[in-house]
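Heads up: the structure comes next, in structure tokens.
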Protein chains: 2
Amino acid sequence: MSQSPWQPISPEKPVRAIREPLTRERIVDAAMRLLVEQGYDAVSMRKVAQVLDTGPASLYAHVANKKELDQLLVDRAAQDMNLPDTPDPDRWQEQLKDAMREMLRVMRANPGVARAAMGQVPLGERALLSTERMLGILKAGNLPDQAAAWAVDLIPLFVTATAFEETVKGGAATWTKDDIDGFVAYLRGFFESLPADRFPLTVALAGALTAGASSDERFEFGITVITAGLASLADGN
Amino acid sequence: MSQSPWQPISPEKPVRAIREPLTRERIVDAAMRLLVEQGYDAVSMRKVAQVLDTGPASLYAHVANKKELDQLLVDRAAQDMNLPDTPDPDRWQEQLKDAMREMLRVMRANPGVARAAMGQVPLGERALLSTERMLGILKAGNLPDQAAAWAVDLIPLFVTATAFEETVKGGAATWTKDDIDGFVAYLRGFFESLPADRFPLTVALAGALTAGASSDERFEFGITVITAGLASLADGN
DNA sequence: ACCTGAACACCGTTCAAGT
DNA sequence: ACCTGAACACCGTTCAAGT
């Protein structure tokens with residue numbers, strides 16, 4: 001069944017036009033681009049497939065389902081996280097706070113990752129490395145094993161929820177500082193206008209309740225509370 | 001243009017069969033039933049409409065959109081929350097912990113509410129009352145105004161994220177204790193099998209990392225850390 | 001082995017038309 | 001004023017058929 005010998009070599013195949021084969025990596029690349037540029041809701045199997053110039057069904061040869069794709073995206077983002085690998089017992093609290101700030105920074109740089117991370121145990125290699133580093137800091141702080149273990153659950157929970165809230169409020173579009181200020185002013189007015197007999201504290205604290213929305217003060221408050229709370233659990237305290 | 005007098009009174013109108021008019025309340029009732037029985041993903045405008053024996057478009061006369069319906073659901077759940085209205089300076093920390101336990105209880109009793117609550121400012125009347133009560137406890141603990149205000153942001157963030165994680169892991173179906181134990185055993189084995197040179201702490205703490213999944217120990221840890229952290233910010237501390 | 005088209009069973013929202 | 005059917009522009013996933 002060999003071909004006839006005078007069959008001409010096919011001339012100048014349009015090599016560049018041949019489709020690169022799909023791979024897990026190309027799929028995650030495309031999904032990540034969508035995630036960063038258009039937010040979590042833009043990452044659908046269909047849109048990812050479209051970016052790769054194919055149909056949604058083709059993705060399922062490389063990725064089990066949407067949830068697995070979400071996990072891959074979270075792990076891809078974890079790659080960018082730069083956590084200290086030399087814990088210092090003398091300044092573990094500052095290191096822990098820096099680690100939380102770094103987590104938030106990465107989640108902000110990749111809007112949508114927070115939503116993808118919510119409610120999944122991060123088992124990717126990069127994510128596990130972050131956990132390992134965090135455990136190092138906590139053990140440097142003399143936390144008991146069990147406290148350190150639960151803390152590496154609590155900390156990402158807090159940071160992820162913070163980042164998720166931010167992106168939900170923004171949606172895909174990004175609010176300008178003026179938009180936020182406008183909303184804050186509205187909210188403050190709303191609190192102040194509540195019946196003072198039933199909501200005395202809400203009315204009195206209207207200013208405080210709406211403060212720090214456009215800065216990191218709220219987040220800083222959170223990491224201060226958590227760090228102080230953890231420190232109170234350290235051995236020999 | 002009056003009707004002719006001998007027009008007979010329409011005999012025995014099938015009164016019971018006349019459709020009750022749609023109202024906000026009926027819509028929320030139906031949505032709440034779906035939410036509790038089938039989880040957050042079952043609450044679609046279409047399914048709610050179907051339960052009410054109409055089409056999805058009919059709902060939009062009473063509810064602005066899906067997001068507003070979510071807010072209404074959260075407020076309906078807040079109704080069930082029983083928070084102390086007489087703050088006691090001597091045991092404010094215990095009251096605060098009880099309040100968090102109560103919040104989690106209600107969210108567990110209404111699976112899906114946590115997902116609906118994520119990332120929205122709770123502005124319903126019932127939800128605002130919970131905030132007011134929480135502020136009362138925190139002020140009884142001598143927290144500065146700003147700390148109390150940010151704390152009533154941090155606390156629901158933590159409780160909601162905890163409840164959300166639980167329901168995500170379960171999905172609509174509920175895991176049995178055996179299912180959880182099986183998953184925990186798998187996870188523990190996974191951590192123990194990691195390369196000990198790169199993940200020494202993760203391997204060593206595999207047991208601690210997977211402990212307390214089927215009980216409230218993790219949540220109790222979280223409320224202990226947050227309460228202790230807040231206490232450290234109290235005036236005259 | 002990998003990829004594809006087409007289908008299945010869904011979404012939220014809008015709008016002209018009816019009562 | 002309220003409700004409706006039908007449409008628009010989407011989802012995730014499956015599966016038989018192709019290469």
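Both backbone and side-chain heavy atoms feed into the values below; hydrogens, waters and symmetry mates do not. Per chain, numbering begins at 1; letters A, B, ... match sequence-line order.
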Next item on the list: Return one dot-bracket line describing DNA chain C 5' to 3' (Watson-Crick or G-U wobble pairs, both distances under 3.5 Å; ( ) same strand, [ ] crossing, | another strand, . none).
Entry: ||.|||||...|||||.||
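- dC3(D) atom P lies 13 Å from atom CG of Asp53(B), rounded to whole Å.
- Under the rule for a side-chain hydrogen bond (donor to acceptor under 3.5 Å, both in side chains), Gln146(A) has no partner lying at least two apart in sequence or in another chain.
- The phosphate of dT4(C) (OP1 or OP2) has a side-chain N or O of Ser58(A) nearer than 4.0 angstrom.
- Smallest separation of non-hydrogen atoms from Arg76(A) and Gln79(A): O-CB, 3.0 Å.
- Here the C1' atom of nucleotide dC11(C) and the CG atom of Leu59(B) are 14 Å apart, to the nearest Å.
- Taking Gln71(A) as the reference, Gln120(A) meet the side chain to side chain contact (heavy atoms under 4.5 Å, CB included) condition, with sequence neighbours excluded.
- Listed pair His62(A) / dC3(C) meets the phosphate criterion, a side-chain N or O lying under 4.0 Å from OP1 or OP2.
- Comparing dA9(C) with dC10(D), their P atoms sit 22 Å apart, to the nearest whole Å.
- Between Leu22(B) atom CG and dA1(D) atom C1' there is a gap of 13 Å when expressed in whole angstrom units.
- With sequence neighbours left out, Tyr186(A) forms a side chain to side chain contact (heavy atoms under 4.5 Å, CB included) with Phe183(A).
- Phe191(B) is linked by a ring-ring contact (aromatic ring centres under 6.0 Å, His included) to nothing, counting only residues two or more places apart in sequence or in another chain.
- Applying the side chain to side chain contact (heavy atoms under 4.5 Å, CB included) criterion to Thr162(B), with sequence neighbours excluded, gives Leu157(A), Leu104(B), Phe158(B), Glu166(B), Phe219(B).
- Looking at residues two or more places apart in sequence or on another chain, you find no ring-ring contact (aromatic ring centres under 6.0 Å, His included) involving Phe199(A).
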Next item on the list: Determine, for nucleotides 12-19 of chain D in 5'-to-3' order, which nucleotides have protein heavy atoms under 4.0 Å from the base (write B), from only the sugar-phosphate (write S), or from neither (write -).
Entry: BBBB----
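- Evaluation of the side chain to side chain contact (heavy atoms under 4.5 Å, CB included) rule for Ala114(B) yields Met107(B), Thr160(B), Ala163(B), Phe164(B) as partners, not counting sequence neighbours.
- If you take CG of Leu52(A) and P of dC2(C), they are 16 Å apart, rounded to a whole angstrom.
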